[in-house]
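Just so it is clear, the values below take in all heavy atoms, side chains as well, and ignore hydrogens, waters and symmetry mates.
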Amino acid sequence: MAGTSEESSIGFKEWALVCEALGRGEQHVIVRKGGIAEGRDGFQFKHEEFYLFPTLFHEQLARTTLPAGTLMPEDTGDTVRITYRVRAIWARLVTDPEAVRRLSPFHVLKPEIVEERFHYDETPGVSVALVRVSRLAEPWEFSMQRSYGGCRSWVTLPPREPGAGADLPVVNDAAFAEIQRQVERALPPGERGK
């Protein structure tokens, strides 16, 4: 992962329900496999810090373990509303299917969706990032742009106005340290974060 100060303008496109689960402290890892617009090398966690860019589509609830009555986040139309900032503690390619299954308590995706991602292309495995999520002091809104569309994970966002207030971690330090310990214990030694 890169680590530059310009990363404050990077958005990571993720299902809106997953963004909210991350923001409630119900999910602590992001499990990803590249889409068709990820380029020749496929998906990679390229940035240590980024904003969650929520995406909406109606079938996402059925692809999660969230309760059936869970409401979809509000459709903001032509406005993008960013509520969460993320710091990736580490990211790894996980190629052991049993290890991926052991991560299920730390995300809200259904097992069959993770399995589908694991076998998506000729290289079995998924990219996994352990993430620390903070809620912005106030939501950050800007206009939707054509450049945010398509099957890509990373998008460049406009600069965020300074002085919006301090972002607050959604999980306290002690609780997160325990979550990190449990996540890392689920992975084989060669696939653990540093």
d(S134 OG, E49 CD) to nearest 0.5 Å is 9.0 Å

Side chain E20, main chain P73, donor-acceptor under 3.5 Å: no

Does V108 offer a backbone N or O that forms a donor-acceptor pair with the side chain of Q27 under 3.5 Å? yes

Shortest non-hydrogen contact from S147 to V155? O-CG1, 4.0 Å

When rounded to the nearest 0.5 angstrom, what distance separates CZ in F176 from CD1 in I89? 4.5 Å

Hey, does the side chain of R101 reach the backbone of E115 with a donor-acceptor pair shorter than 3.5 angstrom? no

With rounding to the nearest 0.5 Å, note down the distance linking CD1 in I179 to CD in E184. 12.0 Å

Taking C-beta and beyond as the side chain, do R24 and V170 meet within less than 4.5 Å on heavy atoms? no

Minimum heavy-atom separation for F118 to T95, with atom names? CZ-O, 3.3 Å

Check whether K13 reaches the backbone of Y148 with its side chain - one donor and one acceptor, N or O, closer than 3.5 Å. yes

On a heavy-atom basis, which atom in D173 and which in R132 lie closest, and how many Å separate them? OD1-NH2, 2.8 Å

Salt bridge check, E14 against R32: does any charged N sit closer than 4.0 Å to a carboxylate O? yes

Locate the shortest heavy-atom distance separating L52 from I82; write the atom from each residue and the value. O-CD1, 3.3 Å

Nearest heavy-atom pair of W140 and P158: which atoms, and what distance? CZ2-O, 3.0 Å

When you look at CZ of R87, are more than 12 heavy atoms from neighbouring residues, nucleotides or ligands closer to it than 6.0 Å? no

Can you classify the ring geometry of W154 versus F12 as parallel (below 30°), tilted (30 to 60°) or perpendicular (above 60°)? tilted

I need the single residue from D167, L168, T83 that forms a side chain to side chain contact (heavy atoms under 4.5 Å, CB included) with L136. Which is it? D167

Would V171 and V133 satisfy side chain to side chain contact (heavy atoms under 4.5 Å, CB included), going step by step from the backbone distance to the final call? CA-CA 8 Å; V171 174; V133 181; over 6 Å; no

Could you tell me whether a side-chain N or O of K33 sits under 3.5 Å from a main-chain N or O of F43, the two making a donor and an acceptor? no

State which residue, out of L22, V31, V18, fulfils the side chain to side chain contact (heavy atoms under 4.5 Å, CB included) condition with H107. V31

Heavy atoms of other groups near D121 CG, more than 12 under 6.0 Å: yes

Is the shortest side-chain heavy-atom distance between R92 and L187 below 4.5 Å? no

Nearest heavy-atom pair of P54 and C19: which atoms, and what distance? CA-SG, 3.8 Å

Nearest-0.5 Å distance that lies between atom OG1 in T76 and atom CG in L56: 7.0 Å

Pairwise side-chain contact, R81 with E141, heavy-atom cut-off 4.5 Å (strictly under): yes

Given the rule that I, L, V, M, F, W and Y join up when any side-chain heavy atoms are under 4.5 Å apart, are L71 and W15 in one cluster? no

Out of curiosity, M144 CE to T79 OG1, how far, rounded to the nearest 0.5 Å? 10.5 Å

Quick one: does any side-chain atom of Q60 pair with a main-chain N or O of T55 as donor and acceptor, under 3.5 Å? yes

Side chain to side chain contact (heavy atoms under 4.5 Å, CB included), that's the test. Do R117 and V100 meet it? Break it down for me. CA-CA 11 Å; R117 290 181 179 186; V100 173; over 6 Å; no

Is the shortest heavy-atom distance from the side chain of V128 to the side chain of I30 under 4.5 Å? no

What's the spacing between R85 CZ and Y51 OH if we round to 0.5 Å? 6.5 Å

Within a strict 4.5 Å, meaning less than it, do heavy atoms of the V131 and Y84 side chains meet? no

